[in-house]
There are 2 protein chains.
Amino acid sequence: MEDLEKSRGGRPRAFDPEAALDAAMLLFWEHGYEATSLAMLREAMGLTPPQIYNAFTDKETLFRRALARYHDREISFALDALGAPVRTREAIRLLLLGAAQAYTRPGKPGGCLFISGALATSPQAQGVADALKAYRKATEAGIAARLAKGFAAGELPAGVTVEGFAKYLAGVMNGMSIQARDGASTEELEALAETALAVWPSEMQGSAILKDEADAGPFCRD
Amino acid sequence: MEDLEKSRGGRPRAFDPEAALDAAMLLFWEHGYEATSLAMLREAMGLTPPQIYNAFTDKETLFRRALARYHDREISFALDALGAPVRTREAIRLLLLGAAQAYTRPGKPGGCLFISGALATSPQAQGVADALKAYRKATEAGIAARLAKGFAAGELPAGVTVEGFAKYLAGVMNGMSIQARDGASTEELEALAETALAVWPSEMQGSAILKDEADAGPFCRD
DNA sequence: GATCTTCCATAGTGATCGATACGAAATCTG
DNA sequence: CAGATTTCGTATCGATCACTATGGAAGATC
């Protein structure tokens, strides 16, 4: 809802805004919001300061655009997993294994931008910290929403609440992001994910409808 | 091994270095290394810049001193838990529940300084990021060392390696730190910890020596 | 008490921060 | 082509960054 080629006249841009945004996203992902200076952005994006400010208003707006792009391009696996027509446990498994992949992509910074972007900030950047927190909370809420459907179908482990279990799973994902930052490999994160899923026995409930997982059943599909 | 009251003459200090260090630690904990400016430190420590530099050399040294103090004063629970004369599962339980407490202490910033201090940094602060990573790795190594003893005694869950399980547990702790930053309560983190421990059945092995947990058995004590 | 050493307070260092002023260049509209 | 509009490149802006030069003050040593 923005770059719809208005072209209301005037001198045309001499660069590709999306490519520039990608370069900025990678830099923010690597160094975080505050530690990424305009000088670094200028070099990585191949632009002059006025070009950056004309196209993206200011540094904070550029960062928020990068967050949105990251959400759309780099972690679409999450929405896919939570919306997949599979049982609840398998959906969460896809989510965690997707995170293991996404947090260790070759050529990309390790971990998740929503965490690396900023955890502790200066008071001036509180708004940015809040925006990142909102993305993290949204992830947890997405997990909770998927779990709620599984809860109704009796698919959750005994002794957990939807919110509590969502907080555990979101916490595991956050922990995976830090482990990725600290050099963990894809395989190590996948093993971590499988261990985390061991709290959840594959065979649930007395209703032993285990076969045909790709078939109908207590699924979900927003 | 430092403040042993040399007093080699000269004008005495007009402030308490330990109190000043505590103030700096809290500020770094709250805002992270790079986002904490000297102006903020100056106000929080109640000192002038020359006082700070004379006592702590420079900002990075001050931060490293704060890290050491944090390790000694704020998270001694970790070494206590890993060295406690209890079964392996209980030791890890003490570790995770201790983290739930330490990450949500009233009057202290949420989460763990070793994570909030810096995850992504500017290239100039790479040394600080590495120091924090070393502390995180040391935690994981401490967990692995305790698990190794439990492994020899057959106390670990089936299908896990010592290193892999340590990475899971360290990851859960890291995730708890972020959840604490995002506002999770002590109780919520405790519930998260208990959920994480559900991967580990309380009754291990065929050898059903369950009673007298505080008694002898396949324990450990460095 | 003379001297040495260390710390204090004031003021300010060069460098870098995010963000712009300005006028020329390029394209669209009429 | 004339006018309007937008972006271009160059050269910065004031504010803040981590840090320090300087000279006087306070206590230890001889």
Side-chain angles (χ1 to χ4, degrees), chain A residues 2-21 24 27-28 31-66 117-118 120-128, chain B residues 2-21 24 27-28 31-66 117-118 120-128:
Chain A
E2 175 155 330
D3 291 334
L4 16 124
E5 303 295 337
K6 295 183 177 181
S7 187
R8 301 195 317 277
R11 180 172 176 172
R13 281 226 171 82
F15 62 95
D16 178 6
E18 293 208 344
L21 185 55
L27 213 54
F28 282 131
H31 299 289
Y33 172 69
E34 290 191 288
T36 301
S37 70
L38 253 315
M40 296 161 69
L41 288 167
R42 183 160 43 97
E43 179 173 356
M45 301 169 82
L47 302 176
T48 63
Q51 284 178 307
I52 297 177
Y53 283 89
N54 180 46
F56 303 102
T57 308
D58 59 13
K59 188 186 175 187
E60 178 168 342
T61 302
L62 173 60
F63 182 70
R64 297 181 112 103
R65 292 279 306 273
T121 67
S122 68
Q124 296 86 342
Q126 188 59 47
V128 164
Chain B
E2 174 155 331
D3 292 335
L4 20 122
E5 303 295 334
K6 295 183 176 182
S7 186
R8 301 195 316 275
R11 180 172 176 173
R13 280 223 173 85
F15 62 95
D16 177 6
E18 292 208 344
L21 185 55
L27 212 55
F28 283 131
H31 299 289
Y33 172 68
E34 291 192 287
T36 302
S37 71
L38 236 61
M40 297 162 69
L41 288 167
R42 182 160 44 96
E43 179 172 357
M45 301 169 80
L47 302 176
T48 63
Q51 284 178 305
I52 297 176
Y53 282 90
N54 180 44
F56 303 102
T57 308
D58 59 13
K59 187 185 175 188
E60 178 168 344
T61 302
L62 173 60
F63 182 71
R64 297 181 113 103
R65 292 280 305 274
T121 67
S122 68
Q124 296 87 337
Q126 188 59 47
V128 165

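So that the names make sense, note that chain A is the first sequence line, chain B the second, and so on, each numbered from 1. All values below come from the heavy atoms of this structure, side chains included, with hydrogens, waters and symmetry mates left out.
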Using a 4.0 Å heavy-atom cut-off, does Thr36(A) contact any base of the nucleic acid, only the sugar-phosphate backbone, or nothing at all? sugar-phosphate
Does Phe56(A) reach a base, just sugar-phosphate, or nothing at all? Heavy atoms under 4.0 Å. nothing
Is the side chain of Lys59(B) donor-acceptor paired with the backbone N or O of Ser37(B) at a distance under 3.5 Å, no angle test? no
Without decimals, in angstroms, what is the distance between Glu43(B) CD and dT16(D) P? 14 Å
Pick the closest DNA chain C nucleotide for Pro49(B) and for Arg11(B) by heavy atoms, then say which residue is nearer the 5' end. Arg11(B)
From the list dA21(C), dC8(C), dC8(D), which nucleotide is the closest neighbour of the side chain of Pro50(A)? dA21(C)
Under the criterion side-chain contact (heavy atoms from CB on, under 4.5 Å), which of Thr61(A), Asp58(A), Thr48(A), Leu47(A) is the partner of Tyr53(A)? Asp58(A)
Length of the line joining Arg13(B):CZ and dA28(D):C1', which is rounded to integer Å: 16 Å
Round to a whole Å and report the spacing from CG of Asp58(B) to P of dC17(D). 17 Å
Step-by-step side-chain contact (heavy atoms from CB on, under 4.5 Å) determination, Ile52(B) to Leu62(B): CA-CA 8 Å; Ile52(B) 297 176; Leu62(B) 173 60; 4.3 Å; yes
Using 30° and 60° as the class limits, which term best fits the ring planes of Phe63(A) and Phe28(A): parallel, tilted or perpendicular? perpendicular
Of dT10(C), dA18(D), dT7(D), the nucleotide closest to the side chain of Lys59(B) is dA18(D)
Using a cut-off of 4.0 Å on non-hydrogen atoms, how would the nucleic acid contact of Pro12(A) be classed: base, sugar-phosphate, or nothing? sugar-phosphate
Any side-chain N or O of Tyr53(B) less than 4.0 Å from the OP1 or OP2 oxygen of dT20(D)? no
Look at Gln51(B) and dC7(C) and indicate whether a side-chain polar atom (N or O) is within less than 4.0 Å of OP1 or OP2. no
Rounded to whole Å, the CD-P distance (Gln124(B) to dA15(C)) equals 15 Å
Could you check Leu38(A) against Thr48(B) and say which one's nearest nucleotide on DNA chain C is further toward the 5' end? Thr48(B)
